Amino acid sequence: MLAYRHAFHVGNPADVLKHIVLLGVLERMAAKDKAYWYIDTHAGAGSYQLADRMAQRLAEYQTGIGLLWGRKDMPPPVAAYVKHIRTFNAGGELRTYPGSPALAGSVLRPQDRMRLFELHTTDFRLLDATWGQQPHVEVRNSDGFAGLKAVLPPPTRRGVVLIDPSYELDSDYGQLVAALRDAISRFATGVYCVWYPQLQSLESIRLPKRLKALSPAGWMHAQLSTAAPRPDGFGLMGSGMFVINPPFGLQESLKATLPWLARTLGQDGAGQHVLEGHTP
Ligand code: SAM
């Protein structure tokens with residue numbers, strides 16, 4: 001049974017990194033008129049109210065989007081992201097945090113399509129209530145790793161896949177790599193964005209290397225650490241976004257952004273970043 005609920009973590013530094021990179025990718029996809037598909041294999045509930053009990057319990061958003069809300073000195077990709085979050089918060093107070101489906105849904109054009117997978121029954125119901133009736137969207141209460149097979153390649157041969165598992169099962173790492181390998185064999189030119197947690201575990205440390213080996217046609221890797229490693233070996237230090245076939249200009253746009261985020265979100269001076277890429 002799945003225990004993870006994204007509502008407990010919403011708007012934290014990991015969401016900040018993930019959603020800045022995602023918006024950067026989608027903005028570049030829209031530079032061409034030709035339609036694309038956005039596929040979210042682990043969609044979550046879609047959107048979150050920060051006053052809700054779950055978001056308030058750990059209040060992680062206060063260490064993420066909350067620290068950016070009043071800033072006037074943001075690099076352009078951060079400013080664009082915060083401006084976007086503001087469109088969900090009429091009145092100026094931070095109350096709603098859009099998840100990846102809401103963010104992507106708000107930038108898709110009439111010709112684009114969205115496919116969402118969510119396994120948790122409660123989060124699926126919330127997601128379906130918002131997106132289930134939209135003509136250009138399909139929402140499925142099923143396994144996103146397995147579901148990728150059925151939606152690739154998209155008919156338009158342009159697509160972005162966000163793979164954002166909860167990593168609550170150790171098997172998620174292996175499943176992720178297997179699903180990606182299969183997805184690339186079906187749709188080699190797709191843009192694949194993989195979020196992963198930065199932990200003191202072998203699986204987490206090895207993942208970027210495994211993803212690089214899957215991406216001979218080009219990749220970008222952005223990692224943002226905001227907390228120091230704990231002596232007991234537990235806890236999240238930060239997270240990463242690995243993009244296979246990144247759109248042109250994405251890495252360049254993050255050059256000044258990641259050091260700024262590390263300084264702004266790093267706790268007790270623990271902020272660090274990695275930004276690397278390969279284009280054959
Ligand atoms: N992508 C969302 C966002 O950025 O707003 C957050 C997603 S959250 C990190 C991961 C979600 O994946 C959880 O809602 C969890 O219930 C769901 N999940 C876990 N295993 C899954 C699977 N095999 N297929 C689809 N969804 C899954």
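Everything quoted here is computed from the prediction, not taken from an experiment.
- When hydrophobic residues (I, L, V, M, F, W, Y) are linked wherever their side-chain heavy atoms come within less than 4.5 Å, the members clustered with F8 are M54, L58.
- Between the E138 side chain and the R115 main chain, no donor and acceptor come within less than 3.5 Å of each other.
- In terms of modelled atom types and a separation under 3.5 Å, the side chain of N141 and the main chain of L119 share a donor-acceptor contact.
- Under the 4.5 Å side-chain contact rule for hydrophobic residues, L199 and Y4 do not share a cluster.
- Sorted by first and then second residue, the salt bridge (Lys or Arg N to Asp or Glu O under 4.0 Å) pairs with a member in residues 269-280 read K212-E276; sequence neighbours excluded.
- Sequence neighbours left out, the pairs with a member in residues 37-71 that pass ring pair (Phe, Tyr, Trp, His ring centres under 6.0 Å) are H6-Y48, H42-F145.
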With a 3.5 Å cut-off and sequence neighbours excluded, list the donor-acceptor pairs that the side chains of residues 241-252 form with protein atoms.
from, atom 1, to, atom 2, distance (Å)
N245, ND2, A188, O, 2.8
N245, ND2, G190, O, 2.7
E252, OE1, K255, NZ, 3.3

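- The salt bridge (Lys or Arg N to Asp or Glu O under 4.0 Å) search around R263 returns none, not counting sequence neighbours.
- A donor-acceptor contact shorter than 3.5 Å is absent between the side chain of R158 and the backbone of P155.
- Between the N89 side chain and the L94 main chain, no donor and acceptor come within less than 3.5 Å of each other.
- With hydrogens and angles ignored, the 3.5 Å screen pairs no side-chain donor or acceptor of T257 with any backbone N or O of P77.
- Annotation: ring pair (Phe, Tyr, Trp, His ring centres under 6.0 Å) contacts involving residues 106-130, sequence neighbours excluded, are absent.
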Under 3.5 Å donor-acceptor pairs involving side-chain atoms of residues 169-178, not counting sequence neighbours:
from, atom 1, to, atom 2, distance (Å)
D172, OD2, Y167, N, 3.0

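- Residues forming a salt bridge (Lys or Arg N to Asp or Glu O under 4.0 Å) with R186 (at least two apart in sequence, or on another chain): D182.
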Validation: residues 231-240 side-chain donor-acceptor distances under 3.5 Å, sequence neighbours left out:
from, atom 1, to, atom 2, distance (Å)
D232, OD1, R230, NE, 3.3
D232, OD1, F234, N, 2.9
D232, OD2, R230, NH2, 3.0
S239, OG, W195, NE1, 3.1

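- Among residue pairs with one or both ends in residues 33-60, none qualify as salt bridge (Lys or Arg N to Asp or Glu O under 4.0 Å); sequence neighbours excluded.
- Within the structure, ring pair (Phe, Tyr, Trp, His ring centres under 6.0 Å) pairs that include any residue of residues 76-106 comprise H19-Y97 (at least two apart or interchain).
- For the pair I20/L261, a side-chain contact is recorded, criterion being any heavy-atom separation below 4.5 Å from C-beta on.
- A salt bridge links D15 to K18: at least one charged side-chain nitrogen sits closer than 4.0 Å to a carboxylate oxygen.
- By the 4.5 Å heavy-atom criterion applied to side chains, R210 and R181 are not counted as neighbours.
- Residues R5 and E168 are not paired through a salt bridge, judged by the lack of any N-O separation under 4.0 Å between the basic side chain and the carboxylate.
- Side-chain contact between V25 and C193: present, with at least one pair of heavy atoms (C-beta onward) separated by less than 4.5 Å.
- Between S47 and T130 the shortest side-chain heavy-atom distance does not fall below 4.5 Å.
- For residues 21-32, no pair satisfies side chain to side chain donor-acceptor pair (under 3.5 Å), with sequence neighbours left out.
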